[in-house]
Amino acid sequence: MVSRTGGRTRNGLLHLEANPDTGNLFDLPETLQQIHTDHPQGKDEKVWSVILRKWEEEQGEAVFQQAKERLSGRTYLDDTYQVKDVCINRSSLSLSTEQEGHITDYRIPIGEYDFLAGINPTQDVLIVRREEDGMIYAEWPELGYGIKLSEFTATEE
């Protein structure tokens, strides 16, 4: 979908036009009305404001997370694998994770992947399951790299 107005609204309306190559993949309406949830004007905007606020409070984050996972092909395992520490030295990188109260250290030699030498312990690392192969990976989203967790040597404390 592309906006006929370049993403800007005119009079609170956003006019959308389907991409000729892909069509209206998400079945969006041709026009969307902007709603000011903080200061709704008129009966319709007040009703929609209440509905949207209630939806956000009850399920908005969960629906957003599900859509994000479906579109990316990744299931985020933050609840299962909580990354506690990232350590790097001249020879190896180690990730400490907690799973159901147990600490597991995953270690991999720096020489296995060129990008590991540039890892900074403060960079985000996520543990995800990729839909394409069902495997669990350690991923550095800001770098665009991931390594199968099975390639690490694991030791449980």
Side-chain angles (χ1 to χ4, degrees), residues 1-3 5-9 14 16 18-19 21-29 32-40 48-157:
M1 298 295 285
V2 295
S3 165
T5 59
R8 297 188 183 135
T9 60
L14 178 64
L16 302 171
N19 181 329
D21 295 335
T22 59
N24 188 350
L25 294 175
F26 302 106
D27 294 323
L28 293 173
L32 296 174
Q33 171 72 46
Q34 183 178 13
I35 296 174
H36 301 279
T37 56
D38 293 337
H39 304 289
W48 278 108
S49 179
V50 169
I51 291 169
L52 290 172
R53 195 172 299 117
K54 185 175 180 180
W55 181 82
E56 179 63 30
E57 289 169 1
E58 292 179 6
Q59 63 191 6
E61 183 63 32
V63 170
F64 174 74
Q65 186 65 30
Q66 288 172 356
K68 183 176 160 185
E69 290 177 359
R70 201 170 40 249
L71 290 170
S72 72
R74 288 163 172 69
T75 301
Y76 298 90
L77 302 174
D78 301 3
D79 294 337
T80 309
Y81 292 85
Q82 298 171 350
V83 177
K84 294 297 184 183
D85 199 8
V86 177
C87 297
I88 189 161
N89 59 38
R90 292 179 188 259
S91 62
S92 65
L93 171 99
S94 64
L95 303 172
S96 293
T97 65
E98 184 177 342
Q99 303 126 333
E100 298 177 357
H102 300 289
I103 301 292
T104 304
D105 289 323
Y106 294 93
R107 185 176 306 271
I108 191 165
I110 294 294
E112 292 290 317
Y113 292 91
D114 291 338
F115 81 92
L116 289 175
I119 293 290
N120 179 326
T122 61
Q123 290 170 313
D124 284 336
V125 60
L126 304 173
I127 307 298
V128 301
R129 180 182 315 278
R130 290 189 184 172
E131 196 174 289
E132 64 201 40
D133 60 7
M135 301 294 293
I136 297 174
Y137 288 75
E139 290 190 348
W140 289 264
E142 55 193 61
L143 299 176
Y145 293 111
I147 302 172
K148 289 180 185 174
L149 217 49
S150 62
E151 293 185 36
F152 289 76
T153 302
T155 55
E156 197 169 317
E157 292 182 13

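Just so it is clear, the values below take in all heavy atoms, side chains as well, and ignore hydrogens, waters and symmetry mates.
Within a 6.0 Å sphere centred on CG of Asp133, heavy atoms belonging to other residues, nucleotides or ligands number more than 12. Few gaps surround CG on Asn89; more than 12 heavy atoms of other groups in view lie less than 6.0 Å from it.
To the nearest 0.5 Å, atom CG of residue Asp105 and atom CG of residue Leu95 are 9.0 Å apart. Atom OG1 of residue Thr97 and atom CD of residue Glu156 lie 9.0 Å apart, to the nearest 0.5 angstrom.
Judged by distance alone, the side chain of Asn19 and the main-chain N or O of Gly23 form no donor-acceptor pair under 3.5 Å. The main-chain N or O of Pro109 is never found under 3.5 Å from a side-chain atom of Glu112 such that the two would form a donor-acceptor pair. A donor-acceptor pair under 3.5 Å is absent between the side-chain atoms of Arg107 and the main chain of Thr153, judged by distance alone.
The two residues Asp38 and Pro40 come nearest to each other via the heavy atoms C-CD, 3.6 Å. For the residue pair Leu93 and Val86, the shortest heavy atom distance occurs at CD1-CG1, 4.0 Å. Closest approach of Pro121 and Ile88 over heavy atoms only: CG-CG2, 3.9 Å. Listed here is the closest heavy atom pair of Ser150 and Met135: OG-CE, 3.8 Å. Closest approach of Asp124 and Pro141 over heavy atoms only: O-CD, 3.5 Å.
For residues 125-144, the pairs satisfying ring pair (Phe, Tyr, Trp, His ring centres under 6.0 Å) are Phe115-Trp140, with sequence neighbours left out.
A donor-acceptor pair shorter than 3.5 Å can be found between the side chains of Gln99 and Thr104. A donor and an acceptor atom, one from each side chain of Tyr106 and Glu151, are nowhere located under 3.5 Å apart.
Between Ile147 and Ile108, some side-chain heavy-atom pair lies under the 4.5 Å cut-off.
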How far apart are the C-alpha atoms of Val128 and Ile136, what are their side-chain angles, what is the distance that settles it, and do they pass the side-chain contact (heavy atoms from CB on, under 4.5 Å) test? CA-CA 6 Å; Val128 301; Ile136 297 174; over 6 Å; no
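For the salt bridge (Lys or Arg N to Asp or Glu O under 4.0 Å) test, residues two or more places apart in sequence or in another chain that qualify with Glu98 are Lys84.
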